[in-house]
Amino acid sequence: MLDPYKIRKEFPILEQLVHGKQLVYLDNAATTQKPKCVIETISDAYCTINSNVHRGIHHLSQVATERFEEAREKVRSFINAQNRHEIIFTRGTTESINLVATSFDNTFLNEGDEIIISTMEHHSNIVPWQMLQERLGVVLRVIPLNSDLSLNIDAYKALFNEKTRLVSITHVSNVLGITNPIKECIDIAHSNNVPILIDGAQSTPHIAVDVQELDADFFVFSGHKLYAPTGIGVLYGKEQFLNAMQPYHGGGEMIQTVRFEKTTYNELPYKFEAGTPDYIGAIALGRAIDFINEIGLTEIAKHEQALTKYTVERLKEIPGMRIFGSPNGAAISFLVGNIHPADMGTLLDHLGIAIRTGHHCAQPLIDYLNIPGTVRASFAIYNTTEEADILVEGIKRVSRMFE
Ligand code: PMP
């Protein structure tokens, strides 16, 4: 069994006091803390191998390039992509989706074509498609939710028609902590001959993902939610699509030859990696993946799901508690009576408890729920039932202040 107390020792930030109280960090869906091995990897890389990748024949540049490409291999293996060149390094989930929206646009979309998203998407899986709507006149179709806030699969099936060109939905909701039946969603898209993008920002830190088994056409995630630094993320795309798509950014590295008359583009993955990449970030992401693999995603999932279940049960003790949906991932959204989420968040912060409040970059979902926002507690490998208890006691204390 995973021992969160042993794991915590790897995370220096967790040792600190906040407002004189031991920090209880439950904002992991926003970003996770970093283990020493990842922090040391960044520091070591700058101290020993730093040199721009791919362009140098000197020693340091070659070592940096090798380490960067090793990191790509680690990512490939982490999500079991077939080919290393199907892994594109980006700044994160947001940039990965924008890349697909922009490059898919040039090649595959025309005015009146339809893209399916869902009610529970993060803004980063809404706005890039809305920008296409403005630029190109594509139409967004939105999957509604059932009363338990799960995706309405029958309604999803009914959204397809001859104009549907792409589906783009989240694997796990960052607000509700609900894991969508993603394999079923992918199969439905494919039975309509439509490719599908999966937003894995909230799944990759918590459950094993196999893009070949899922048969996802695109799969995107962020390093910083996965114990890696900010500024590095991943776009996985099937070779057939990436090859057919136009480049996203132009510049160095993504070209084969540049003449004023005509430029030709580099092969995958470099065609989509213009400019100096965040190679140190990628190397650190590779180390974070090693760290996760050393613990094992099966154990991680067991631990976090048990913690979620325990916390949900304990939260239900609190009068006026309203939990949204049936969280089965690592995030729980709730409200207590009429207490505004921002008040709850501020008062919990004074108790050293870091949770997130507001719309969580999913305003359409919050509007659909007809609430001002939620309070969200989200877990990672280092969280304990003791911390869940501190959260519950903290909420009870805040609630009493509002009686
Ligand atoms: N999608 C989901 C489901 C998310 O939770 C997030 C981050 N909260 C994003 C996309 C955006 O990720 P990033 O800000 O790292 O690009």
Side-chain angles (χ1 to χ4, degrees), residues 25-34 38 75 79 88-102 115 117-131 142-143 145 149-151 167-180 182 185 196-207 209 216 218-236 248 272 278 281-282 284-285 288 304 308 324-325 327-333 354-366 368 373-380:
Y25 185 78
L26 298 176
D27 192 19
N28 296 287
T31 200
T32 52
Q33 300 303 347
K34 317 306 170 200
V38 168
V75 173
I79 57 170
I88 314 290
F89 283 118
T90 65
R91 284 192 297 126
T93 305
T94 304
E95 189 176 52
S96 298
I97 297 173
N98 276 277
L99 189 163
V100 175
T102 305
I115 294 169
I117 59 172
S118 88
T119 306
M120 64 167 79
E121 298 311 315
H122 188 278
H123 294 164
S124 63
N125 197 22
I126 301 173
V127 184
W129 309 115
Q130 283 179 323
M131 288 162 72
V142 182
I143 309 169
L145 305 183
L149 306 183
S150 60
L151 284 184
V167 178
S168 189
I169 53 172
T170 195
H171 195 170
V172 176
S173 160
N174 68 309
V175 179
L176 306 168
I178 291 177
T179 307
N180 289 320
I182 214 65
C185 294
I196 178 163
L197 181 153
I198 307 300
D199 173 350
Q202 296 294 343
S203 61
T204 40
H206 308 295
I207 49 177
V209 167
F218 299 99
F219 189 92
V220 299
F221 62 98
S222 300
H224 71 95
K225 294 182 198 281
L226 200 72
Y227 312 103
T230 51
I232 186 76
V234 171
L235 161 65
Y236 158 78
Y248 176 47
F272 290 106
D278 183 2
L285 171 59
E304 291 172 343
T308 302
F324 294 92
N328 57 4
I332 308 168
S333 256
I355 44 85
R356 190 150 293 246
T357 62
H359 56 59
H360 315 293
C361 292
Q363 270 182 3
L365 173 61
I366 297 298
Y368 171 79
T374 75
V375 182
R376 182 187 70 189
S378 55
F379 301 112

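Note that ligands are numbered from 1 as they come in the structure, with each ligand's atoms numbered from 1 the same way. Computed from a predicted structure; not experimentally measured. Sequence positions, counted from 1, serve as the residue numbers for this chain.
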Could you tell me how the ring of H171 sits relative to the ring of F219: parallel (under 30°), tilted (30 to 60°) or perpendicular (over 60°)? perpendicular
Apply the test side chain to side chain contact (heavy atoms under 4.5 Å, CB included) to residues T308 and N328: give CA-CA distance (whole Å), side-chain angles for both, the deciding distance (0.1 Å), then the verdict. CA-CA 7 Å; T308 302; N328 57 4; over 6 Å; no
Quick one: does any side-chain atom of N98 pair with a main-chain N or O of P128 as donor and acceptor, under 3.5 Å? no
Heavy-atom contacts with ligand 1 below 4.0 Å: which residues, ordered by chain and residue number? T93, T94, H122, S124, T170, N174, D199, A201, Q202, S222, H224, K225
Given the options D199, I198, I79, V209, F221 meets side-chain contact (heavy atoms from CB on, under 4.5 Å) only with I79
Side-chain donor-acceptor pair under 3.5 Å between T374 and H360, yes or no? yes
Can you tell me how far apart CG (L365) and NE2 (H123) are? Round to the nearest 0.5 Å. 9.5 Å
